[in-house]
Amino acid sequence: MEARVSANEDDIKDAHNRVDKMDKLTTQLKDKIDDLENRSRRSNLRILNIPEQAEGRDAVGFLEKFIPQILGNDNFTSHITLERAHRVGKKSDRPRPLIAKFLNFRDKEKVLRLARSRGEMTYENRKISFFPDYSADLQRRRDEFRDVKQRLREKEIEYALMYPAQLRIRHQGSIKIFSTPAEAQRYLKDLPNV
């Protein structure tokens, strides 16, 4: 009996060790898949609030004309080329986002930079927004910083949300980088007059 109990305890210990190794491997593989998905989306832009059917049957052609038009034709010395464009999500009362995959990554970065510098833009009396296209998991991690970013804006403290999901805060000549919203909240709490 003692020998059997001892053997079973050893087997259970080995099983726990294997499960721990598999958990670590699963986490590593999930992170790798998410990284690969985000790399595959690197040349994509997500454009919000363009009315449904505005693009007709040719989303690529529509966006190749629309983007320079809304951001200023004089900002584009050459024609931007999209590989493809499509809407994502289920139809509802709100317009679905348009995903545009740029042939040239630099064009995508230029469009994103121009959209940020331009501020609020409208099309058919709707506010249009341009965002990088991230995986659902990464977008969720970035969204977790929303409350902290709101507090930073209220206090007029300079910040940036860096890739993949890190918050950089510049305050009184120093720069701090935070991987979690909780770390950033603690930092803000410890600041005088914040």
Side-chain angles (χ1 to χ4, degrees), residues 26-52 54 63 66-67 70-71 85-102 105 107-194:
T26 301
T27 301
Q28 288 173 343
L29 291 174
K30 280 183 181 177
D31 291 344
K32 188 172 186 172
I33 288 169
D34 191 56
D35 180 57
L36 289 170
E37 182 179 353
N38 284 303
R39 286 176 191 271
S40 73
R41 293 173 178 236
R42 188 180 304 174
S43 294
N44 293 1
L45 268 186
R46 185 175 288 258
I47 306 168
L48 303 182
N49 226 14
I50 294 178
E52 290 280 340
L63 289 175
F66 170 79
I67 291 170
I70 199 159
L71 296 175
H86 62 277
R87 292 207 182 253
V88 292
K90 294 181 181 179
K91 286 190 177 184
S92 68
D93 54 339
R94 294 179 58 194
R96 295 173 295 159
L98 267 165
I99 302 294
K101 182 169 181 66
F102 285 74
F105 175 76
D107 285 344
K108 176 250 176 178
E109 288 294 307
K110 181 179 184 178
V111 167
L112 196 56
R113 189 179 63 253
L114 286 169
R116 285 183 182 143
S117 68
R118 184 90 188 259
E120 190 171 307
M121 296 166 283
T122 58
Y123 177 74
E124 294 184 5
N125 297 320
R126 293 173 179 258
K127 182 183 172 192
I128 303 299
S129 303
F130 292 78
F131 294 100
D133 183 35
Y134 297 124
S135 69
D137 183 55
L138 180 56
Q139 189 60 52
R140 178 192 49 75
R141 288 179 22 223
R142 292 174 70 87
D143 287 346
E144 289 173 355
F145 285 98
R146 186 175 292 136
D147 293 339
V148 176
K149 292 187 328 186
Q150 179 63 37
R151 284 191 59 202
L152 290 167
R153 275 192 297 272
E154 289 169 0
K155 303 300 181 186
E156 297 179 357
I157 296 175
E158 184 182 337
Y159 71 89
L161 191 56
M162 301 182 329
Y163 183 85
Q166 293 181 320
L167 184 69
R168 183 186 71 208
I169 298 175
R170 184 187 310 252
H171 184 64
Q172 295 178 343
S174 70
I175 296 174
K176 301 284 184 187
I177 297 176
F178 303 97
S179 297
T180 67
E183 291 173 353
Q185 290 280 19
R186 280 194 297 277
Y187 174 77
L188 283 177
K189 190 176 181 181
D190 293 341
L191 285 178
N193 302 326
V194 175

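Side-chain atoms are counted along with the backbone in the values below, which use heavy atoms only and exclude waters and symmetry mates.
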Using the rule given for side-chain contact (heavy atoms from CB on, under 4.5 Å), can you reason through Leu188 versus Leu152, listing the C-alpha separation, both sets of side-chain angles and the distance that settles it, and then say yes or no? CA-CA 8 Å; Leu188 283 177; Leu152 290 167; 3.5 Å; yes

Any Met121 side-chain heavy atom under 4.5 Å of Leu71 side chain: yes

Are there over 12 heavy-atom neighbours, none belonging to Arg94, within less than 6.0 Å of that residue's CZ? no

Determine whether a donor-acceptor pair (N or O, by modelled atom type, separation under 3.5 Å) exists between the side chain of Asn38 and the backbone of Asp34. yes

So, do Asp147 and Pro181 sit near enough that their side-chain heavy atoms are less than 4.5 Å apart? no

Would you mind reporting whether Leu114 and Phe130 have side-chain heavy atoms less than 4.5 Å apart? no

Can you find a side-chain donor-acceptor pair between Gln139 and Arg142 that sits under 3.5 Å? no

Side chain of Arg87, backbone of Arg96: donor and acceptor closer than 3.5 Å? yes

Determine whether Glu183 and Lys176 make a side-chain contact, defined as any pair of heavy atoms from C-beta on separated by less than 4.5 Å. no

Quick one: list whatever passes ring-ring contact (aromatic ring centres under 6.0 Å, His included) with Phe131, sequence neighbours left out. none

Do the rings of Tyr123 and Phe66 sit parallel, tilted or perpendicular, given the 30° and 60° boundaries? perpendicular

Taking 4.0 angstrom as the limit, do Asp35 and Lys32 come out as a salt bridge? no

State the CG-CD1 distance between Leu48 and Ile128, to the nearest 0.5 angstrom. 8.5 Å

Tyr134 and Arg46: side chain donor to acceptor below 3.5 Å: no

Would you say the side-chain atoms of Lys127 pair up with the backbone N or O of Asn49, donor to acceptor, closer than 3.5 Å? no

Output yes when Arg113 and Glu109 qualify as a salt bridge under the 4.0 Å nitrogen-oxygen rule, no when they do not. no

Ring centers of Phe145, Tyr159 separated by less than 6.0 Å: no

